**Q** 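Please find one structure pasted underneath; my questions will follow.
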Protein chains: 2
Amino acid sequence: MSLDGPTMDERVPRDFETLRATILDRRESLPKRIAQIAAYALDNPDDIAFGTAASIAASAGVQPSTLIRFAQQLGFDGFTSLQQVFRERLRERNSSYDERLQALRVKAEGGAGHRAIFDGFVAAASTSLNDISRTLDDAHLEDAISLLAKAQTIYVLAKRRSYPVASYIAYALGKLKIRNQLIESAAGLNAEMIAFATPADAVIAISFSPYAPATIEEARNISEQGVPIVAITDSSFSPLAQFARVWFEVAEADFAGFRSLSATMALAMALTVGVGEKRRDAGRKRKA
Amino acid sequence: MSLDGPTMDERVPRDFETLRATILDRRESLPKRIAQIAAYALDNPDDIAFGTAASIAASAGVQPSTLIRFAQQLGFDGFTSLQQVFRERLRERNSSYDERLQALRVKAEGGAGHRAIFDGFVAAASTSLNDISRTLDDAHLEDAISLLAKAQTIYVLAKRRSYPVASYIAYALGKLKIRNQLIESAAGLNAEMIAFATPADAVIAISFSPYAPATIEEARNISEQGVPIVAITDSSFSPLAQFARVWFEVAEADFAGFRSLSATMALAMALTVGVGEKRRDAGRKRKA
DNA sequence: GGGAATATGAAATAATAATTCCAATCCATA
DNA sequence: TATGGATTGGAATTATTATTTCATATTCCC
């Protein structure tokens with residue numbers, strides 16, 4: 001029995017890393033059941049954070065009292081205070097990513113030097129990816145892919161800032177052997193090109209504010225011919241939205257006056273590869 | 001009083017985002033104290049996850065019973081089940097950034113459906129951004145920007161998969177009023193275009209394995225004319241590296257056979273805007 | 001192999017926390 | 001301004017959960 005007063009020799013681990021180290025350190029010398037719960041704790045820290053003493057003990061295959069003895073051996077005065085450490089860990093880790101992004105952004109805004117510019121663009125891209133990952137509507141995605149998979153030719157329509165995305169879509173469709181036509185302005189023959197499109201075809205149109213007038217005009221014309229349009233744009237007020245059969249709202253973060261394209265790119269690739277898969281599946285079914 | 005049976009009309013939010021949306025949606029119509037705790041909940045989700053009804057109520061300045069009424073209004077049968085949602089959120093977000101990515105990747109690999117494809121591309125893009133953020137060499141960035149800032153005309157050279165990046169660079173340089181020439185193959189006049197370049201100009205060349213032969217060939221020719229090259233490529237064995245005055249190694253993650261472009265894009269934008277800034281500074285100094 | 005020290009299991013107990021209930025208050029409407 | 005309904009506060013009640021206790025088992029040393 002040890003009756004040392006309120007100030008004990010052994011320091012109680014206050015943060016998770018210290019705790020982890022302490023456990024690992026003593027691992028050898030722990031009694032069987034205590035070691036069992038120690039291993040469980042390091043393997044399933046989330047369960048310790050949220051579970052009740054009884055539920056955790058059951059999962060780990062020990063008695064609740066063992067769990068408490070484990071906590072006491074580590075210097076805590078009970079399970080509850082041990083649990084605090086595991087909860088604190090979640091609190092901190094949770095914010096770590098956003099904080100890192102925030103730090104990057106602050107550095108980019110405040111800092112001088114060109115590294116700051118680079119960090120700014122990375123932060124903008126990360127933010128955009130994060131956003132779209134949260135907000136993308138699965139049903140829209142399915143609709144858009146079905147629509148495009150049925151098309152004889154997929155026309156790809158985008159100007160200026162959105163043009164790189166269009167050119168990547170065209171490249172990817174080509175690699176997947178899906179017939180497509182990029183509508184670019186070089187030769188000034190857009191109107192003629194568009195005239196070939198029929199309701200059996202489909203369009204992917206991409207435009208962000210300020211909407212390139214040519215893109216809008218061409219989208220209007222082509223939709224009047226009955227060609228279904230899948231639009232990627234930045235708000236429900238976008239003129240593109242009104243012509244589109246399916247449309248996606250993509251909010252890209254910007255930096256130094258240039259918006260990121262990463263979220264749009266990810267969506268564009270998902271559409272392209274999705275169409276490729278859908279066609280392959282349909283092909284297989286037809287053969288079988 | 002509503003005595004509707006076990007199947008109630010209103011769906012109980014099962015995940016945090018739905019819950020958040022529901023709260024925001026009803027915000028107007030909520031009674032004062034309930035609204036108070038609603039605001040608190042959205043502002044301090046961690047506290048809801050970890051606190052007790054009493055402690056949370058005290059922090060939010062209401063009675064515990066109000067907290068329970070709030071939960072019930074949302075369709076939960078008590079505070080405890082509301083709290084589950086807040087805990088689940090932490091479990092999922094818990095993941096340090098890498099773990100979250102891992103989750104996304106697992107979802108993309110395991111999951112069927114087109115959402116999985118989308119998640120895969122988002123994961124690839126995030127990974128790439130993460131990598132480049134860690135590995136980019138500040139000194140290289142400075143060197144490249146200095147080199148490009150001195151150029152009379154910046155030639156931009158990329159084919160196939162890298163072409164979208166080149167077109168974005170050209171767009172951005174244009175917006176910044178920096179003279180540039182995109183070398184595309186449409187008219188088959190690349191050789192002639194390249195012949196105009198002099199050592200007072202500079203080139204940004206982008207190529208990834210499998211390196212487009214045309215890009216390599218053109219890079220060789222232009223470097224033999226003494227025009228300095230900044231290259232973005234994917235390994236030190238890249239044929240581009242040997243012609244380049246400065247070169248960046250960018251490792252893009254891939255998914256479904258298509259590599260991400262997000263890291264390359266971020267670097268490209270940093271170069272572009274960096275050059276813009278450098279020229280503006282130089283201009284100011286010359287005037288002063 | 002015997003005995004002391006240590007570890008474990010299971011149930012009793014104490015504590016803490018969620019929920020309910022009812023009276024008081026507020027608010028809209030006639 | 002009176003009245004009914006909704007909202008709120010606070011204490012009582014019920015539930016859940018952590019902790020303690022003690023009997024039993026195991027281990028280690030002489």
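Lettering of chains follows the sequences in order, A, B, ..., and the numbering in each one begins at 1. Bear in mind the structure is a predicted one, so any value in this text is a computation, not a measurement. Basis for what follows: all heavy atoms, side chains included, without hydrogens, waters or symmetry-related copies.
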**Q** What one-letter contact string describes nucleotides 15-20 of chain D from 5' to 3', where B marks a base within less than 4.0 Å of any protein heavy atom, S marks contact via sugar-phosphate atoms alone, and - marks no contact?
**A** --SSBB
**Q** Kindly state each residue pair satisfying salt bridge (Lys or Arg N to Asp or Glu O under 4.0 Å) with at least one member in residues 258-270 of chain A, sequence neighbours excluded.
**A**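 Sorted pair list: Asp234(A)-Arg259(A).
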**Q** Would you say dT8(C) has OP1 or OP2 under 4.0 Å from some side-chain N or O of Gln63(A)?
**A**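 So the side-chain polar atoms of Gln63(A) never come under 4.0 Å of the phosphate oxygens OP1 or OP2 of dT8(C).
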**Q** Would you kindly give the CZ-to-P distance between Phe50(B) and dA17(C), to the nearest whole Å?
**A**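 The distance from CZ of Phe50(B) to P of dA17(C) comes to 15 Å, rounded to the nearest Å.
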**Q** Lys32(A) has an atom NZ; how far is it from atom P of dC28(D), in whole Å?
**A**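 From Lys32(A) NZ to dC28(D) P: 11 Å.
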**Q** Counting N and O atoms only, with roles assigned by atom type, does the side chain of Thr18(A) sit under 3.5 Å from a partner on the main chain of Arg14(A), one being a donor and the other an acceptor?
**A**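 No, Thr18(A) side chain to Arg14(A) backbone: no donor-acceptor pair under 3.5 Å.
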**Q** Could you check which residues of residues 34-43 of chain B get a heavy atom under 4.0 Å from DNA chain C? Sort them by number, please.
**A**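 Of all residues in residues 34-43 of chain B, none places a heavy atom under 4.0 Å from DNA chain C.
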**Q** Taking the side chain as every heavy atom from C-beta outward, state whether Leu90(A) and Phe16(A) have any pair of such atoms under 4.5 Å apart.
**A**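 Sidechains of Phe16(A) and Leu90(A): no contact.
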**Q** Tell me whether Ser262(B) contacts the main-chain N or O of Ala125(B) through its side chain, where contact means a donor paired with an acceptor under 3.5 Å.
**A**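 Here the side-chain-to-backbone pair exists.
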**Q** Using the test side-chain hydrogen bond (donor to acceptor under 3.5 Å, both in side chains), find all partners of Ser81(B) that sit at least two apart in sequence or belong to another chain.
**A**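 side-chain hydrogen bond (donor to acceptor under 3.5 Å, both in side chains) list for Ser81(B), sorted by chain: Asp77(B).
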**Q** Expressed in angstrom and rounded to an integer, what is the separation of Arg33(B) atom CZ from dC26(C) atom P?
**A**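 Spelled out: CZ on Arg33(B) to P on dC26(C) is 11 Å.
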**Q** Enumerate the salt bridge (Lys or Arg N to Asp or Glu O under 4.0 Å) contacts for residues 122-138 of chain B, please, sequence neighbours excluded, ordered by first and then second residue.
**A**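 Of all non-adjacent pairs touching residues 122-138 of chain B, those that pass salt bridge (Lys or Arg N to Asp or Glu O under 4.0 Å) are Arg115(A)-Asp138(B), Asp131(B)-Arg134(B).
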**Q** Please tabulate, for the side chains in residues 59-66 of chain B, all donor-acceptor contacts under 3.5 angstrom to protein atoms that are two or more places apart in sequence or on a different chain.
**A**
from, atom 1, to, atom 2, distance (Å)
Ser59(B), OG, Ser55(B), O, 3.0

**Q** Tell me whether the count of non-hydrogen atoms from other residues, nucleotides or ligands lying under 6.0 Å of CD in Glu224(A) goes above 12.
**A**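 More than 12 heavy atoms, drawn from other residues, nucleotides or ligands, come within 6.0 Å of this atom.
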